[in-house]
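Structure record follows, encoded as structure tokens.
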Number of protein chains: 2
Amino acid sequence: MTTAASQRLPLSRERVLECAVALADESGIAALTIRTLAQSMGTKPMSLYYYVANKDEILDGIVDMVFSEIDLPAPHGEWREEMHRRAQAVRAALRRHPWAVGLMESRSAPGPATLRHHEATLATLRTAGFSIQLTAHAYALLDSYIYGFALQEAALPFEGRDTAAEITNPIMERFATGEYPHMVEIAVEHVLKPGYDFGDEFGFGLDLILDGLSRLAAGEG
Amino acid sequence: MTTAASQRLPLSRERVLECAVALADESGIAALTIRTLAQSMGTKPMSLYYYVANKDEILDGIVDMVFSEIDLPAPHGEWREEMHRRAQAVRAALRRHPWAVGLMESRSAPGPATLRHHEATLATLRTAGFSIQLTAHAYALLDSYIYGFALQEAALPFEGRDTAAEITNPIMERFATGEYPHMVEIAVEHVLKPGYDFGDEFGFGLDLILDGLSRLAAGEG
DNA sequence: TGACGCTACCGTACACTGTACTAAACCGCT
DNA sequence: AGCGGTTTAGTACAGTGTACGGTAGCGTCA
């Protein structure tokens with residue numbers, strides 16, 4: 001009686017979304033099709049439609065799964081510390097799941113985890129004494145920066161420390177014409193230096209933004 | 001002799017890309033298929049493949065077309081003014097072509113217009129006396145903010161001034177449970193006020209970032 | 001006992017996608 | 001007139017989301 005069917009976990013909406021995230025992480029969002037997803041779960045395509053209305057719902061669902069991995073900021077903590085931690089946490093999540101950045105543009109129905117995340121962030125700023133206006137400004141600014149940075153990271157053809165050189169060198173040769181001297185300069189003198197990691201640039205911008213907000217918050221409070 | 005065929009413009013790579021941009025603007029990037037594109041040009045799908053290797057090349061091409069619409073910054077101008085103008089120009093272009101933001105994540109082969117744009121921007125910062133390190137930091141920061149803002153704008157279900165209210169009101173009713181008090185507060189006291197336009201938030205963050213960079217540049221120079 | 005409906009799952013079929021392969025039409029040359 | 005490269009089309013195929021219609025196993029009730 002130990003058939004494959006009896007051994008495998010029962011289907012559920014949760015499990016469908018978990019497997020969808022895993023599949024997108026491994027093979028990219030383009031490889032996430034109803035058929036491959038069903039196969040990865042040991043089922044047939046149409047079985048999934050019992051738990052999920054359509055593929056769009058899967059896409060909305062996995063974006064919300066990503067938010068559910070992110071620790072919420074503490075509304076009564078020190079705002080700058082909380083915003084710093086949150087920013088790093090969001091970036092880390094988007095790095096683990098690069099497909100999520102591109103997905104956000106097309107999905108407009110936020111899930112419960114997403115809403116909880118937004119709510120906790122707004123609460124932290126308001127509790128710290130930010131005016132409504134400044135809260136809105138700050139949130140738009142911080143999220144724009146975080147998402148934009150994640151977008152650029154996702155677009156990079158290399159990942160992490162040192163690997164830049166291997167990839168970039170062949171490309172650089174096309175630039176030997178001298179048409180792009182400043183790009184070459186930045187590449188040679190900065191990006192191709194050993195130990196370079198684009199991800200390290202994140203902290204610079206984040207601190208600059210938080211410094212600017214500090215100044216404004218002090219002026220308000 | 002005035003057949004449809006003789007009247008229509010001759011095909012060319014340029015025209016294929018122009019029509020692709022127009023189609024994506026009108027109907028969204030998902031509607032841009034080889035068949036719909038061919039139909040919009042009054043020809044048959046396979047004819048396009050003479051001018052373009054495959055669909056990926058079309059996608060790379062239209063991203064580059066978007067960059068080609070953006071005025072280059074002047075390397076010898078006042079850097080802050082040039083960066084301000086450039087940021088606004090990029091955002092405006094990404095607003096006209098919202099699909100471009102999502103596309104950037106998946107395309108990693110930059111076209112000539114894209115490269116020229118990067119080169120001119122880097123040149124402006126370096127000419128203004130920014131160190132290599134600060135130039136790299138500043139560029140990553142500015143572009144992250146611009147792209148992230150455009151991403152959020154593209155995800156909004158409404159567009160421009162005032163229309164927020166019409167869309168948001170029905171959604172708000174679901175929040176009447178009191179689970180998200182701060183989101184409701186921001187919505188009621190800020191977003192739903194007459195004259196609100198999310199796009200106006202762009203200037204706030206941009207000025208904050210440029211202020212921060214000014215301080216650092218002054219410290220360097 | 002047998003009819004019933006509910007849950008969980010699946011097989012088939014259809015319209016649509018990108019594009020490989022093949023063939024035909026066109027056009028400037030000798 | 002005929003050749004050869006350039007340009008355009010037709011057909012076909014595998015892969016996509018999913019509508020439609022099952023089926024197998026259950027508990028409930030007459």
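Just so we're on the same page: letters track the sequence lines, and every chain starts at 1.
Residue B:Arg15 contributes atom CZ, which lies 15 Å from atom P of D:dT7 at whole-angstrom precision. Per the geometry, NZ belonging to B:Lys55 stands 12 Å off C1' belonging to C:dC16, to the nearest Å. Between the P atom of D:dT8 and the CG atom of B:Leu37 lies a distance of 14 Å, rounded to the nearest Å. Distance CG (A:Leu48) to P (C:dG11): 13 Å, rounded to an integer number of Å. In this structure, the CE atom of A:Met46 is 5 Å from the C1' atom of D:dT18, given to the nearest Å. We find that NZ of B:Lys44 is positioned 14 Å from P of C:dA25, with the value rounded to whole Å.
Of the candidates C:dG18, D:dG17, D:dA19, the closest approach to any side-chain atom of B:Ile34 belongs to C:dG18. Taking every side-chain heavy atom of B:Thr43 into account, D:dA9 is the closest of D:dT18, D:dA9, C:dT19. Of all nucleotides listed (D:dA9, D:dG17, D:dT8), D:dT8 comes nearest to the side chain of B:Tyr51. Closest to the side chain of B:Thr36, out of D:dT16, C:dT17, C:dT19, is C:dT17. Of the listed nucleotides (C:dG18, D:dG10, C:dC10), C:dG18 has the atom at the smallest distance from the side chain of B:Tyr49. In the set C:dT19, D:dT7, D:dT18, C:dT19 carries the atom at the smallest distance from any side-chain atom of B:Arg35.
Ring geometry for A:Phe198 versus A:Phe149: interplanar angle under 30°, hence parallel rather than tilted (30 to 60°). Ring planes of B:His137 and A:Phe204: parallel class, angle under 30° (limits at 30 and 60°).
B:Thr33 has a side-chain polar atom (N or O) that falls below the 4.0 Å cut-off from OP1 or OP2 of C:dT17. Regarding contacts with the backbone of D:dT7, a side-chain N or O of B:Tyr50 is found under 4.0 angstrom from either OP1 or OP2.
Between B:Lys55 and B:Asp60 no salt bridge is recorded (no basic side-chain N to carboxylate O distance below 4.0 Å). Taking 4.0 Å as the cut-off between side-chain N and carboxylate O, A:Glu57 and A:Arg13 count as a salt-bridged pair. Salt-bridge formation is not detected for the pair B:Asp71/B:Arg85: no Lys NZ or Arg NE/NH1/NH2 atom is positioned less than 4.0 Å from an Asp or Glu carboxylate oxygen.
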